[in-house]
Amino acid sequence: MPLLQKNRNLVGTHFGGSLYSMVDPFYMLILIHHLGPRYIVWDKAANINFLSPGRSTVYADIRLDKDEIEHIKSLADNFAPIYRNYTLDLYDESGIRIAEIQKTLYIRRKHPQPLKS
């Protein structure tokens, strides 16, 4: 995300809300895509820790590996809610870590719907 007038705060660095909104939906979207319609996925909580002022374009690398997806499926197999915590870092264009974000997601396998007769 480039530093623009619309996401710059009073002191000329990235506005914290813009930094968070840049990454907000992605873990939920990744899980919805990979788990499919038999699962409920919601953002439950988030926290952002600002480490250094963002004065240039900022980047995030958001990934979940196949093993994590399979682990979630096994944990949710009994239809009980599970919570997964993820941490990601934001970096500026020179590679300096400017923020750390923790996300908590609620995941539950849906109960099968009875067949209609």
Side-chain angles (χ1 to χ4, degrees):
M1 176 174 62
L3 181 61
L4 304 171
Q5 185 63 36
K6 63 183 174 184
N7 63 359
R8 186 176 302 167
N9 64 21
L10 185 64
V11 295
T13 62
H14 275 281
F15 173 63
S18 293
L19 291 173
Y20 178 72
S21 68
M22 174 182 143
V23 299
D24 176 35
F26 290 104
Y27 282 115
M28 188 174 88
L29 293 173
I30 290 167
L31 287 170
I32 287 170
H33 173 76
H34 286 287
L35 294 173
R38 296 185 329 163
Y39 292 83
I40 297 167
V41 181
W42 286 102
D43 281 323
K44 179 71 175 159
N47 182 55
I48 185 167
N49 185 21
F50 301 106
L51 304 171
S52 181
R55 295 187 173 100
S56 63
T57 300
V58 296
Y59 302 90
D61 187 14
I62 304 168
R63 300 171 191 241
L64 289 176
D65 62 27
K66 187 183 281 188
D67 291 340
E68 172 66 1
I69 303 299
E70 294 306 314
H71 185 63
I72 289 169
K73 287 179 180 179
S74 69
L75 291 172
D77 202 33
N78 65 358
F79 304 99
I82 62 167
Y83 299 90
R84 301 299 290 166
N85 297 305
Y86 301 105
T87 301
L88 68 126
D89 295 313
L90 298 181
Y91 295 91
D92 70 9
E93 60 191 8
S94 63
I96 295 172
R97 192 167 74 124
I98 63 162
E100 177 184 86
I101 299 171
Q102 294 91 32
K103 300 275 295 182
T104 301
L105 279 84
Y106 166 95
I107 305 158
R108 184 175 60 77
R109 186 170 168 203
K110 293 178 183 177
H111 291 284
Q113 297 296 318
L115 296 174
K116 295 180 181 178
S117 48

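Count residues from 1 along the sequence. Keep in mind that what you see is a predicted model, and the values were worked out from it rather than measured.
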Worked verdict on Leu88 versus Tyr27 for side chain to side chain contact (heavy atoms under 4.5 Å, CB included): CA-CA 10 Å; Leu88 68 126; Tyr27 282 115; 3.2 Å; yes

State whether the side chain of His14 and the backbone N or O of Thr57 hold a donor-acceptor pair below 3.5 Å, judged by distance alone. no

Over all atoms of both residues, closest heavy-atom pair of Ser74 and His71: OG-O, 2.8 Å

Measure the shortest side-chain to side-chain distance between Leu90 and Met22 over non-hydrogen atoms and say whether it is less than 4.5 angstrom. yes

Working to the nearest 0.5 Å, report the span between NZ of Lys66 and CD of Glu68. 14.0 Å

Within this structure, what is the CZ-CZ distance for the pair Arg108 and Phe79, rounded to the nearest 0.5 Å? 9.0 Å

Just jot down the salt bridge (charged side-chain N to carboxylate O under 4.0 Å, His left out) partners of Asp67, sequence neighbours excluded, or say none. none

In terms of hydrophobic clustering (I, L, V, M, F, W, Y; side-chain heavy atoms under 4.5 Å; direct or indirect links), are Phe26 and Val41 co-clustered? yes

Going hydrophobic residue to hydrophobic residue with side-chain gaps under 4.5 angstrom, can you get from Met28 over to Ile82? yes

Of all heavy-atom pairs between Ala46 and Tyr20, which one has the smallest distance, and what is that distance? CB-OH, 3.2 Å

Got Ile98 and Leu19 here, is their nearest side-chain heavy-atom distance under 4.5 Å? yes

How long is the straight-line distance from CD1 of Ile32 back to CD1 of Ile40, given to the nearest 0.5 Å? 10.5 Å

Less than 4.5 Å apart, any side-chain heavy atom of Arg63 and any of Ile30? no

Atom CG in Leu64, atom NE2 in His33: separation rounded to 0.5 Å? 11.5 Å

Scan for side-chain hydrogen bond (donor to acceptor under 3.5 Å, both in side chains) pairs involving residues 35-53, sequence neighbours excluded, and state none if there are none. Asp43-Lys103, Asn47-Gln102

From OG (Ser21) to CE (Met1), nearest 0.5 Å: 6.0 Å

Taking C-beta and beyond as the side chain, do Leu31 and Ile69 meet within less than 4.5 Å on heavy atoms? yes

On a heavy-atom basis, which atom in Leu3 and which in Gly54 lie closest, and how many Å separate them? CD2-O, 4.3 Å

Minimum heavy-atom distance between Ser56 and Asp92, given as atom pair plus value: OG-CB, 3.5 Å

At what distance, to the nearest 0.5 angstrom, does OH of Tyr83 lie from CG of Leu75? 13.5 Å

